[in-house]
Amino acid sequence: GIVLLFRKTLKAAPEQKTPFRFVLVGTIITYSLLFTFNLVLPAFFNNARFVPLAPIFSLPFIVFTAYSILRYNLLNIKIITTEILTFILAIVMLFEVLLAKELGVLVFRVSIFLLVLSFGILLIRSVRREVEQREELEVLTKKIALANSKLKRLDAAKSEFLSIASHQLRTPLTAVKGYVSMMLEGTYGVVAKKLQRPLTNVYDSNERLIRLVNDLLSLSRMESGKMEMDWETVKIQDIIESVIQELNIKAAQKNLKLIYQKPKITLPLVKVDRAKMRNVVLNIIDNAIKYTNTGSITTSISLEPEKNPQNLILRFKDTGEGMNKEELEKLFQSFTRGSAGVKNFTEGAGLGLYIAKQFVEMHNGTIRAESEGKGKGSSFLIQLPLT
Amino acid sequence: MAEKTSKKKILIVEDEALLAEMYEQGFVQDGGFTVFSTVTAEEGIEIAKKERPDFILLDILLPKGDGIQFLEMQKEEKEIAEIPVLVASNFDHPPTKKRADELGVLDYIIKTEYTPQQIIDLVKEHLS
């Protein structure tokens with residue numbers, strides 16, 4: 001018996017090994033106690049004092065088996081209980097049949113017996129089906145939990161991959177940016193005049209690549225819901241001034257003026273992700289420089305306490321190519337360019353404004369563009385909620 | 001009487017030889033710095049303990065350990081725990097940034113956003 005039980009434990013499926021082990025342990029303890037106190041002691045030591053305790057020695061087997069049944073659902077208690085109860089009821093009905101003295105009563109009791117038996121069998125089948133379905137559900141739930149855990153790991157791996165891939169792309173770009181800037185700054189000696197423009201072109205091209213890598217990383221993070229916000233309370237004027245300072249040289253190269261209309265009143269602080277908001281402003285002004293051949297780009301910040309008390313308003317107005325209705329509609333989609341962009345062979349993958357819109361919306365703000373038509377310039381309007 | 005040097009000591013922990021050389025040249029050319037440079041976090045801690053730099057410029061992705069481990073080791077060594085650290089890395093990974101902030105770095109900048117001169121200016125601004 002123990003050998004059979006041991007074999008069954010070894011062959012059992014992993015999830016069934018534990019309950020079988022409990023039964024095996026209980027059986028071994030009981031058999032050991034019985035063997036020692038009910039066989040060895042009386043037979044070899046003439047001590048039969050413990051023989052009446054045999055029922056107590058069977059307790060370990062009962063306790064361990066009961067624990068396995070209740071804790072690990074060994075032998076499927078629901079089915080067994082239903083079968084036992086049905087069996088008892090059927091036996092009672094059978095006795096009633098056997099004890100019937102009259103034909104009429106016999107016929108009646110036989111009918112009841114057959115009815116009880118039929119319904120009992122149906123009930124047992126139904127309980128079996130229910131138990132099987134529950135077991136299937138448990139297996140499925142475990143599979144889903146496993147798949148979910150795998151998905152989470154893959155998701156984390158993807159996020160890490162994006163960060164590492166962008167790191168690898170950025171390393172050579174950092175070297176080019178660094179060395180060329182140092183050359184232009186004279187770290188390696190005075191640069192010949194005829195070399196200045198080519199070096200500046202290399203620097204600018206490299207900056208475009210850097211922005212492209214940044215944009216692709218941002219896009220990837222947004223699409224996988226991994227974009228995080230780093231909130232700070234800032235003066236929005238500081239961000240605008242910093243971007244204008246950065247882009248002044250680029251604008252000057254096209255003889256464009258970057259005009260910043262400083263606010264006449266003290267503006268409230270706003271809660272933004274500084275890097276993302278800077279990226280938005282940079283994209284808009286840089287875009288305006290791309291699509292403007294003469295004139296200026298004017299930036300202003302204002303409040304409209306009566307019309308729009310909840311928001312800070314940023315306006316960027318250029319004297320550029322302007323846009324028709326169709327271009328305005330597609331403007332904030334990814335990988336699109338206005339027809340002016342195609343005609344003038346302007347650079348850029350068409351991601352900048354799409355990402356700018358996503359970033360503004362992450363701030364619970366709005367962005368829109370306006371233009372009176374081709375050749376009439378454009379305006380961009382951003383509304384940011386005040387804290 | 002020996003003249004007291006006014007040069008600040010900077011430790012650069014950077015595993016990309018090209019970039020380490022570039023930053024080293026930048027700081028040396030500036031004239032106000034004595035530069036120590038290393039490739040691994042562990043060596044960085046050893047140099048920091050020996051030379052007691054005024055500033056540490058730290059990359060994150062390093063061979064044998066990383067910048068976060070450097071910061072954790074730094075916090076455990078009393079004599080170098082207070083040396084200001086600027087993380088300059090191209091590893092734009094929000095959880096790593098958060099951990100670096102928790103470990104008290106001055107800032108976590110992405111290298112491609114800054115020229116060497118801009119990084120030098122940041123360091124000088126902090127040290128002034």
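Protein chains get the first letters and strands the later ones, always in sequence-line order, with residue 1 at the start of each.
Annotation: side chain of B:L19 is not in contact with side chain of A:Y179 (no heavy-atom distance under 4.5 Å). Annotation: side chain of B:Q117 is not in contact with side chain of A:M182 (no heavy-atom distance under 4.5 Å).
Heavy atoms closer than 4.5 Å to chain B are found in the side chain of A:S181, but not in its backbone. There is no contact between A:R211 and chain B, counting heavy-atom distances below 4.5 Å. Of the atoms belonging to B:I119, not a single heavy atom falls under 4.5 Å from chain A. Both the backbone and the side chain of B:L18 have a heavy atom closer than 4.5 Å to some heavy atom of chain A. Only the side chain of B:I110 comes within less than 4.5 Å of a heavy atom in chain A; its backbone stays farther off.
Heavy-atom neighbours of A:K254 NZ from other residues, nucleotides or ligands within 6.0 Å: above the threshold of 12. The environment of B:E125 atom CD is sparse: at most 12 non-hydrogen atoms of other residues, nucleotides or ligands sit within 6.0 angstrom. Remark: A:Q245 CD is loosely packed, at most 12 non-hydrogen atoms of other residues, nucleotides or ligands lying under 6.0 Å away. Residue B:E79 qualifies as enclosed at atom CD: its count of foreign heavy atoms under 6.0 Å is above 12. Residue A:I249 places its CD1 atom among 12 or fewer non-hydrogen atoms of other residues, nucleotides or ligands, all under 6.0 Å distant. For A:K235, the NZ atom sits in a loose shell: 12 or fewer heavy atoms of surrounding residues, nucleotides or ligands are nearer than 6.0 Å.
The distance from the CG atom of B:D59 to the NE2 atom of A:H167 is 5.5 Å, given to the nearest 0.5 Å. A distance of 10.5 Å separates OG1 of A:T187 from CE of B:M22, quoted to the nearest 0.5 Å. Note that OH of B:Y23 and OG1 of A:T174 are 5.5 Å apart. Values are rounded to the nearest 0.5 Å.
A salt bridge links B:D92 with A:R221: at least one charged nitrogen is closer than 4.0 Å to a carboxylate oxygen.
When the candidates A:V180, A:V176, A:I164 are compared by the number of heavy-atom contacts under 4.5 Å with chain B, A:I164 comes out ahead. Of all the listed residues (A:G178, A:P172, A:S166), the one sharing the greatest number of non-hydrogen pairs under 4.5 Å with chain B is A:G178.
Side-chain polar atoms of A:N214 and B:E113 form a donor-acceptor pair below 3.5 angstrom. Looking at B:Q25 and A:Y188, their side chains do bring a donor and an acceptor atom within 3.5 Å of each other.
Of the listed residues (A:V213, A:L173, A:T171), just one forms a side-chain contact (heavy atoms from CB on, under 4.5 Å) with B:N90, and that residue is A:T171.
Side-chain atoms of A:K177 come within 3.5 Å of backbone atoms of B:T112 as a donor-acceptor pair (strictly under, hydrogens ignored).
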